[in-house]
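Throughout, protein chains are lettered first and strands after them, A, B, ... in sequence-line order, and every chain is numbered starting at 1. All heavy atoms count here, side chains included; hydrogens, waters and symmetry mates do not.
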Protein chains: 2
Amino acid sequence: MVFNGWLFEKTETLDQAAIRVLYHLTGLHNIYMEQLIVFSEVDRDPGDRTISVPYYALINIAEHNTELIEQYSAQWFNLSELPDLIFDHNDMVLQAIKRLQYKASIQPIGFELLPAKFTMRHLQKLYEAIMREGMDKRNFTKKINALDILVKLNEKDMESSKKGSFLYKFDQEKYLEKVSNGLVFKL
Amino acid sequence: MVFNGWLFEKTETLDQAAIRVLYHLTGLHNIYMEQLIVFSEVDRDPGDRTISVPYYALINIAEHNTELIEQYSAQWFNLSELPDLIFDHNDMVLQAIKRLQYKASIQPIGFELLPAKFTMRHLQKLYEAIMREGMDKRNFTKKINALDILVKLNEKDMESSKKGSFLYKFDQEKYLEKVSNGLVFKL
DNA sequence: ACAAAAGTGTTTCCTATACACCCATGC
DNA sequence: GCATGGGTGTATAGGAAACACTTTTGT
């Protein structure tokens, strides 16, 4: 989602301001966000000297509050159909994509973007979208299972096929335990 | 080197301000610098609301201007003997180390820290210092040579041993060509 | 019966690592 | 002649990538 946020207040950190703005726009809490580097070109905003600290967030498009988005005339775009943005905002988006790809390659960041229950195929499609490349489903499944941070449920999603495909959930507890034991995830 | 820089001016970017401050302190130009993430905790500076954008730079300790450093009472520290710094500045240093390790693992960033001519051993010692781990000299040499961005000179450094060890220089042209061909360096 | 997606193992290759000896020189 | 650091090659193991067929079920 592309949106040019507001200013931050004296009583909050930049992280808090980003969280606040995103909440106003989507009604969502507890969203993964990460700060990118500061944009401070003197003439980037022809009107005023403006220094911007962009953030990117992982928002499950199915979960946001449509009304709020519309109210502020924010909009969703497909990356492949990204329009020309104002000032240097296209650079910001590019930076966000690169950062996301890096992050996703060393952390199971993708789970933030899925519903609580999801299929292997959903997860793979998501990673393929982030990495902009196709992946072999056998190798993908192997890798994910090797991480041992998913729980396979006794339920199937019947939407996508006649056979149905098993649902999984992310095991946050296991994940945190592994991280605290110093494990680094490579995907 | 730990130094708490000055403010930036209306006429410069943050990058430019960082370059300017570093120049004042060391007399050095064309130094590799990278911006870290913004520190904006409301009470990080008990006196004033202060937002800091830390940078780390790669400075060859042999090349800086000692007088200037002293004039501003900046100081060099060994990382293993880092003192308690003011406010959240220790966090900044930690962040810089992590970032440097990452960068060094995917780009031949270490060359910035060496003189124009250096030995394989120098380079290895530098990487060992950055990564805080010992490396096998055969494997190290192999890796570096595989990158094919060094030129072996017909000169030897006679300081470190009786046999002497060959000097190399960094081939910036080759390096840039490889980068522009999309090659990613893994060290 | 067939179309459509799900699920599952093995082989191959390549990269990363471990490892030990000879060389040249100054003293 | 010996002590010091410099230089070099090979064997092995582990991880990544390539690859194809069977299963289930709705129509």
Side-chain angles (χ1 to χ4, degrees), chain A residues 101-102 104-108 110 114-115 117-169 178 182-187, chain B residues 101-102 104-108 110 114-115 117-169 178 182-187:
Chain A
Q101 290 182 342
Y102 163 62
S105 76
I106 59 161
Q107 258 180 56
L114 291 169
K117 300 175 182 181
F118 51 87
T119 71
M120 263 309 166
R121 252 14 76 201
H122 289 152
L123 185 58
Q124 180 172 350
K125 288 278 181 301
L126 173 60
Y127 269 87
E128 288 177 341
I130 293 175
M131 297 307 185
R132 292 173 162 277
E133 63 178 15
M135 299 174 186
D136 180 281
K137 65 178 171 176
R138 283 167 292 190
N139 293 335
F140 184 82
T141 307
K142 236 182 297 172
K143 251 185 200 170
I144 297 292
N145 283 334
L147 295 182
D148 188 30
I149 51 174
L150 290 193
V151 181
K152 189 175 187 170
L153 304 173
N154 266 332
E155 284 176 74
K156 282 189 164 187
D157 166 70
M158 300 307 291
E159 299 297 307
S160 61
S161 75
K162 292 152 187 175
K163 186 179 177 182
S165 83
F166 279 104
L167 288 164
Y168 291 78
K169 66 174 187 184
K178 278 163 198 281
L183 184 54
V184 177
F185 292 88
K186 289 220 96 177
L187 280 172
Chain B
Q101 291 181 342
Y102 163 62
S105 76
I106 60 159
Q107 259 180 54
L114 291 170
K117 300 173 180 180
F118 50 87
T119 71
M120 266 302 169
R121 253 13 77 201
H122 289 152
L123 185 59
Q124 181 173 347
K125 288 278 181 303
L126 174 60
Y127 269 86
E128 288 177 342
I130 293 174
M131 297 307 185
R132 293 173 163 277
E133 63 178 14
M135 300 175 184
D136 180 283
K137 64 179 172 177
R138 284 167 293 194
N139 293 336
F140 184 81
T141 307
K142 235 182 297 173
K143 250 184 199 172
I144 297 292
N145 283 334
L147 296 181
D148 188 29
I149 50 174
L150 290 193
V151 182
K152 187 177 189 172
L153 304 172
N154 266 332
E155 282 176 76
K156 281 189 165 185
D157 167 67
M158 300 307 290
E159 300 297 307
S160 61
S161 75
K162 292 152 188 176
K163 186 178 177 181
S165 84
F166 280 104
L167 289 164
Y168 291 78
K169 66 175 188 183
K178 279 164 197 281
L183 183 54
V184 178
F185 292 88
K186 289 222 97 177
L187 280 173

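Residues satisfying the salt bridge (charged side-chain N to carboxylate O under 4.0 Å, His left out) test with A/Lys137, not counting sequence neighbours, are none. Judged as a side-chain hydrogen bond (donor to acceptor under 3.5 Å, both in side chains), and not counting sequence neighbours, A/Thr141 has no contacts. Annotation: side-chain hydrogen bond (donor to acceptor under 3.5 Å, both in side chains) contacts of A/Asn145 (sequence neighbours excluded): none. In this view, A/Lys117 and A/Glu155 satisfy the side-chain hydrogen bond (donor to acceptor under 3.5 Å, both in side chains) rule, not counting sequence neighbours. B/Asp136 pairs by the salt bridge (charged side-chain N to carboxylate O under 4.0 Å, His left out) definition with B/Arg138, not counting sequence neighbours. Shown here are the side-chain hydrogen bond (donor to acceptor under 3.5 Å, both in side chains) partners of B/Asn139, two or more places apart in sequence or in another chain: B/Lys142.
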Notebook entry, point to check: Tell me, for nucleotides 12-19 of chain D in 5' to 3' order, what letter each nucleotide earns: B for a base near a protein heavy atom under 4.0 Å, S for only sugar-phosphate near one, - for neither?
Noted result: -----BBB
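Applying a 4.0 Å cut-off to non-hydrogen atoms, none of the residues of residues 126-134 of chain A approaches DNA chain D. Contacts between residues 156-169 of chain B and DNA chain D, defined by a heavy-atom separation under 4.0 Å, are made by B/Ser160, B/Ser161, B/Lys162, B/Lys163, B/Gly164, B/Ser165, B/Phe166.
Between B/Asp157 and B/Phe118 the shortest side-chain heavy-atom distance does not fall below 4.5 Å. Residues A/Ile149 and A/Ile144 have side chains not in contact (no heavy-atom distance under 4.5 Å, counting atoms from C-beta outward).
Extent of DNA chain C lying under 4.0 Å from chain B heavy atoms, first and last nucleotide in 5' to 3' order, is C/dT17 to C/dG26.
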Can I get a per-line list of side-chain donor-acceptor pairs under 3.5 Å for residues 124-132 of chain B, giving both atom names and the distance, sequence neighbours left out?
{"from": "B/Gln124", "atom 1": "OE1", "to": "B/Arg121", "atom 2": "NH1", "distance (Å)": "2.6"}
{"from": "B/Gln124", "atom 1": "NE2", "to": "B/Glu128", "atom 2": "OE2", "distance (Å)": "3.1"}
{"from": "B/Gln124", "atom 1": "NE2", "to": "B/Met135", "atom 2": "O", "distance (Å)": "2.8"}
{"from": "B/Tyr127", "atom 1": "OH", "to": "B/Gly110", "atom 2": "N", "distance (Å)": "3.3"}
{"from": "B/Glu128", "atom 1": "OE2", "to": "B/Met135", "atom 2": "N", "distance (Å)": "2.8"}

Mind listing the side-chain donor-acceptor pairs of residues 158-169 of chain A below 3.5 Å, one per line with the distance, residues two or more places apart or on another chain?
{"from": "A/Ser161", "atom 1": "OG", "to": "A/Gly164", "atom 2": "N", "distance (Å)": "2.9"}

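Annotation for B/Asp148 and B/Lys178: closest pair O-CE, 3.3 Å, computed over non-hydrogen atoms.
Note: B/Lys156 NZ to B/Thr119 OG1 = 11.5 Å, rounded to the nearest 0.5 Å.
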